[in-house]
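The structure appears right after this line, and notes come after that.
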Amino acid sequence: MERTFLMIKPDGVQRGLIGQIMTRFEKKGFKLVNAKLMTVSRELAEKHYDELKEKPFFGELVDFITSGPVFAMIWEGNNVISVARAMMGKTNPADAAPGTIRADFAVSVGMNVIHGSDSPENAQREIDLWFNGEAISYDKTIAKWL
Ligand code: DAT
Ligand code: MG
């Protein structure tokens with residue numbers, strides 16, 4: 001079963017959006033297999049966003065991600081990587097389709113509330129980086145209805 005790494009960024013935590021965002025993924029039928037509220041070191045933020053280190057906004061991005069606690073999660077389900085990205089909406093909330101998380105909860109590209117892995121390779125890399133690869137395996141009786 002596919003797994004992805006999702007993270008509610010410091011703006012989402014400060015604005016009290018953790019519950020509403022998690023509810024969307026629960027209602028969709030995805031399974032939560034790990035989660036934690038945590039502060040982020042610069043080292044972790046820089047490793048996480050390593051692909052963007054040459055971008056002009058990299059310093060601001062690391063400042064932002066380390067500015068307050070984030071809520072890190074691993075979710076499991078069919079095609080969860082691409083479906084979670086679709087539920088999040090485009091990177092810039094101004095371009096995100098109505099009904100997506102970024103469209104409904106955010107207005108600026110810098111503070112766009114949520115991160116989600118963009119490929120199977122990055123999902124595995126990010127699950128290893130943030131959770132040391134650890135997730136909870138368990139059955140839900142509802143699974144046969146999904
Ligand atoms: P995504 O988060 O949709 O995967 P990304 O990986 O390209 O987008 O960029 C990571 C984060 O960096 C993004 O969520 C917000 C920030 N960012 C991206 N492009 C930006 C820009 N042009 N100006 C400021 N911040 C930007
Ligand atoms: Mg990305």
Side-chain angles (χ1 to χ4, degrees), residues 1-138 140 146:
M1 188 60 78
E2 192 170 279
R3 288 178 174 170
T4 196
F5 171 73
L6 302 183
M7 179 208 2
I8 302 175
K9 297 181 182 182
D11 55 333
V13 174
Q14 291 293 328
R15 292 172 56 206
L17 299 175
I18 295 172
Q20 289 183 70
I21 291 172
M22 291 184 85
T23 295
R24 291 187 177 213
F25 294 102
E26 287 189 306
K27 284 165 75 178
K28 174 71 175 167
F30 292 135
K31 189 204 276 187
L32 184 67
V33 294
N34 216 340
K36 58 183 170 184
L37 185 70
M38 60 183 284
T39 53
V40 184
S41 66
R42 290 194 79 83
E43 185 190 3
L44 175 57
E46 286 170 3
K47 273 191 197 156
H48 174 72
Y49 281 123
D50 186 61
E51 291 174 340
L52 301 175
K53 62 174 181 278
E54 306 303 331
K55 301 279 186 190
F57 56 82
F58 183 71
E60 276 172 54
L61 179 58
V62 172
D63 287 346
F64 169 54
I65 291 296
T66 57
S67 65
V70 303
F71 194 72
M73 301 165 280
I74 305 173
W75 288 86
E76 184 178 285
N78 285 337
N79 300 308
V80 67
I81 298 170
S82 61
V83 175
R85 292 279 299 185
M87 290 168 67
M88 288 161 47
K90 294 250 173 74
T91 304
N92 187 341
D95 300 328
T100 61
I101 292 165
R102 285 163 167 173
D104 290 356
F105 296 124
V107 292
S108 66
V109 67
M111 295 197 186
N112 60 6
V113 173
I114 186 167
H115 165 85
S117 309
D118 62 5
S119 67
E121 295 70 31
N122 275 335
Q124 190 58 57
R125 185 182 72 85
E126 292 167 8
I127 287 167
D128 289 344
L129 182 62
W130 290 81
F131 285 95
N132 207 12
E134 286 167 30
I136 310 297
S137 291
Y138 63 106
K140 293 179 92 173
L146 295 169

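All ligand and atom numbering here is 1-based and tracks the order in the structure. Nothing fancy with the numbering, it's 1 onward along the sequence.
Under 4.0 Å from ligand 1, not a single heavy atom of D118 appears. With a 4.0 Å cut-off on non-hydrogen atoms, N112 touches ligand 1 through its side chain and not its backbone. Neither the backbone nor the side chain of H48 has a heavy atom within less than 4.0 Å of ligand 1.
At least one heavy atom of K9 sits less than 4.0 Å from an atom of ligand 1. Under a 4.0 angstrom heavy-atom cut-off, R85 registers as being in contact with ligand 1. Proximity of R102 to ligand 1 is established by a heavy-atom distance of less than 4.0 Å.
If you number the atoms of ligand 1 from 1 as listed, the ones under 4.0 Å from a heavy atom of L61 come out as 11 (C), 12 (O), 16 (C).
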Stepwise ring-ring contact (aromatic ring centres under 6.0 Å, His included) check, W75 with F30:
CA-CA 6 Å; W75 288 86; F30 292 135; 7.3 Å; no
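Cation-pi contact between K36 and F131: present, with separation from the ring centre below 6.0 Å and deviation from the ring axis of at most 45°.
Looking at K53 and D50, a side-chain N of the basic residue comes within less than 4.0 Å of a carboxylate O on the acidic one, giving a salt bridge.
For atom 15 (C) of ligand 1, the closest non-hydrogen atom of the protein is V109 O, 3.3 Å. At the shortest separation from atom 1 (P) of ligand 1 among protein heavy atoms lies T91 OG1, 3.5 Å. Protein heavy atom nearest atom 5 (P) of ligand 1, with residue, atom name and distance: L52 CD1, 4.2 Å.
With F58, F57, Y49, F64 as candidates, the residue nearest to atom 21 (C) of ligand 1 on a non-hydrogen basis is F57.
The OG1 atom of T23 sits 11.5 Å away from the CD1 atom of I18 when rounded to the nearest 0.5 Å. One distance of note links CG of N122 with CZ of F5; it measures 11.5 Å at 0.5 Å rounding. Once rounded to the nearest 0.5 Å, the distance linking CE of M1 with OG of S137 reads 11.5 Å.
Below 30°, between 30° and 60°, or above 60°: for W130 and H48 the angle between ring planes is above 60°, a perpendicular geometry.
Residues meeting the side chain to side chain contact (heavy atoms under 4.5 Å, CB included) test with E43, sequence neighbours left out: S41, K47.
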